[in-house]
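If you're wondering where the values come from, they're calculated on a predicted model, not measured in any experiment. Labels below follow one simple rule: chain letters A, B, ... track the order of the sequence lines, proteins then strands, and each chain is numbered from 1. Note that these values count all heavy atoms, side chains included, but never hydrogens, waters or copies made by symmetry.
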Amino acid sequence: MTRSTEHAIIVDHLSKRYGDLLAVDDVSFAVNTGEVFAFLGPNGAGKSTTVEIIETIRRPTSGTVTLLGMNIATNKAEVVRRIGVLPQGFSSFDRITVRETLSFYASVFRSLPDINALMDLTDLRAKANAQFKTLSGGLKQRVGIAAALVNDPDIVFLDEPTTGLDPHARRQVWQVLKGLKARGKTIFLTTHSMEEAEALADTVAIISKGRIVAIGSPARLTEKHTEQMRLTLKPGDAAVLDLVRRMGFSPTRTIDDGIAVSVPAADDVRAILAAIREAGLPPPLGLDVRKPNLEEVYLKLTGEQLAQTGQGGVQ
Amino acid sequence: MTPRITAAMLVVRVRSLYREPSALFFTFAFPIILVLVFGTIFTRPEHLNFELPVQDNSGSEASAMLLKALTTDNAFTIIPIPPDADPRLYARENKRNLLLVIPKDFQVLHNERALKLDGTASVPVTYVFDPSSTSLGTKLQLLNTIVAAANQRYSGTAAFITLKPVSILASTYRFIEFFVPGIIAMAIMTSSLSSALNMNAELKQKGILRKLAATPITRTDWLVSSILYQLILSVISTVAILLVSYFVFNVRLNIGTWLPLIVVVEVIAFVGIGMTLTPLAREAESASAVSNAVLFPMMFLSGTFFPVEMMPGFLQTFARFLPLYYVNEALRASMIFADCAGTLWSVAILAAFAAVAFVAGTVLTRWGE
Ligand SMILES: Nc1ncnc2c1ncn2[C@@H]1O[C@H](COP(=O)(O)OP(=O)(O)OP(=O)(O)O)[C@@H](O)[C@H]1O
Ligand SMILES: [Mg+2]
């Protein structure tokens, strides 16, 4: 019981096989109530398959999923009522308007949402009477998000909500998602975008070839899986080089006569700058600190996977 | 099944239809065009000739008088036909649209009447006619006028010569009357089956089915809303076909309680069959292939365009396994022949098809996987 209240979703040893292909390979994880959980992975990693199994649209080959304390295999009707779903590449009836689409989905859920408020939330009010087929990709996506909210779901699943959107539209969607989180919804999101995962997610699971290769908060993942920070100082004064070396780091000269040094933490950057000032050396004119980010983690982990299975490289 | 969900699905589909003019055209205008084209072909005007084959079985003075009356003023040209010929067969083989048969006892009855032995004696003179002929009306009118004049010569109130019509066909209806119920059945079948298949494939292709699968819509909601939607289309289509047939070809058919019942059962049967076939038709192309594969044989082998009796025996047997055959039978039995027992029998078999198709449809429609 306590588990089910702190965990909105518990996935236990889930597998899905399509013929010879093991699309989801013994995956286990839990999603906390009220958090934004992001599935990050390359094309064909098994993101949609996993999400759609949780949404009860596909059947797992083995394993169980517990959603809001219910086994989804035996409670499909109730599960469906408590979740909102934006399928990948959302589409709807061509000649039905935005407002009609939303009231259709509301009827289907036998709920009475405030359609105007939903359209305001997703910034669709101006297009209320436009037929679906006349909308741009970003607007269609927002109709999908609004449609996923008609039943006031506890958990919202969004399969690639911002794929194909321009940067403004992306940020608009992010705003909507942040608003949902603020209202206590649990959000399960899949994405290819590190930026998106970093901006929104409390927990990120990196999935590759049907397996979760890393899971944790974006900060912890980057900390755990990436190289040190890289500090570049310009101009490359010999005294500075000597000083940094004496502090126990191993600085190198860069091709454009700067100094590059790898440091494990942000504090070390501060320590180096302080030491330069204390030694009375001229402060560096150019300074660049490259923070490790999720992208590096992602490329490293999914790249390793590809290399391991011998499918990286030329393809 | 939930009324609100079903109604919501229905509204979406009706809206989608009336916002798509080409779909409207093919649903409603296409069968009407078929009626007009086929109707025109089969009711083309014929060359008018006033030859009248007569089988004079009496060969008497009295019959000669009648023949004389028929030829007076060049009304008819009599063509005698041998007494041993089967008149219906003769008319059919020689493409005669009207043929007269004078009975053996014509003279005897004439004498009884003329000599006032029996003031009510009358003689039936059979005329064999081809109901599909367009020039028949004029000839029949002339025949009636001449016979009426001949009857004037006999005293008494009752007419002496009474004309007895016999169609060269087994029953008396025009081809267009046979054809219209077939077109109604075909239009409903085509629309129900192919729209069930195509709608499913289209929604699947667009990914709408995946969204619908994650909602509380059940397969029964889906099927029932499809049936109601097709029912609306079928009623409009049927009314349109009947109106055009009436105003253009003067087709009058019995439209009682049977027609609506048959339409409902047919729609359930073919929407159900369509849903049952959805696992075979995952893409739009395969959907139309599957629906054509089912529709065309059904159309040609179930007696839509010509009577099943015209086909070889094994095909006639095969036709009895096709649901459309029973729709045609039921519609013709009720609309042309007012044959309640026959209609009931066909409707019962059709209802069995519909029940199986409905259940199979709810079980076999696939959404998610
Ligand atoms: N219905 C299916 N039949 C057979 N194979 C499938 C089916 N659905 C998915 N797959 C395969 O399973 C694997 C995982 O697919 P999935 O759609 O889950 O990937 P994804 O991570 O969502 O990819 P993307 O980022 O491109 O959406 C892929 O190799 C895909 O080809
Ligand atoms: Mg996907």
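A 4.5 Å side-chain heavy-atom check between B:Leu203 and A:Phe93 finds at least one atom pair inside the cut-off.
The pair B:Arg19-A:Asp94 fails the salt-bridge criterion, with no side-chain N (NZ, NE, NH1 or NH2) lying under 4.0 Å from an Asp/Glu carboxylate O.
Ranked by heavy-atom pairs under 4.5 Å with chain A, the list B:Val11, B:Ile5, B:Asp221 is led by B:Ile5. The candidate with the highest count of non-hydrogen atom pairs below 4.5 Å against chain B, out of A:Val85, A:Ile96, A:Ile83, is A:Ile96.
Partners of A:Lys127 under the salt bridge (charged side-chain N to carboxylate O under 4.0 Å, His left out) rule, at least two apart in sequence or in another chain, do not exist in this structure.
A:Thr97 touches chain B through backbone and side chain together, each having a heavy atom under 4.5 Å away. The part of A:Glu52 that comes within reach of chain B is its side chain, from C-beta onward, which places non-hydrogen atoms under 4.5 angstrom from that chain. Residue B:Thr2 touches chain A through its side chain alone, counting heavy-atom pairs closer than 4.5 Å.
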Would you mind writing out the side-chain donor-acceptor pairs for residues 102-110 of chain A within the sub-3.5 Å range, not counting sequence neighbours?
unit_1, atom_1, unit_2, atom_2, d
A:Ser103, OG, A:Arg99, O, 3.1
A:Ser103, OG, A:Glu100, O, 3.3
A:Ser107, OG, A:Ser103, O, 3.0

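Within residues 74-82 of chain A, the residues that have a heavy atom under 4.5 Å from a heavy atom of chain B are A:Lys76, A:Val80, A:Arg81, listed by number. Of all residues spanning residues 111-124 of chain A, those with a heavy atom less than 4.5 Å away from chain B's heavy atoms are A:Ser111, A:Leu112, arranged by number.
Expressed to the nearest 0.5 Å, how far OG of A:Ser48 lies from CZ of B:Arg210 amounts to 7.5 Å. A distance of 8.5 Å separates CD in A:Glu55 from NZ in B:Lys211, rounded to the nearest 0.5 Å.
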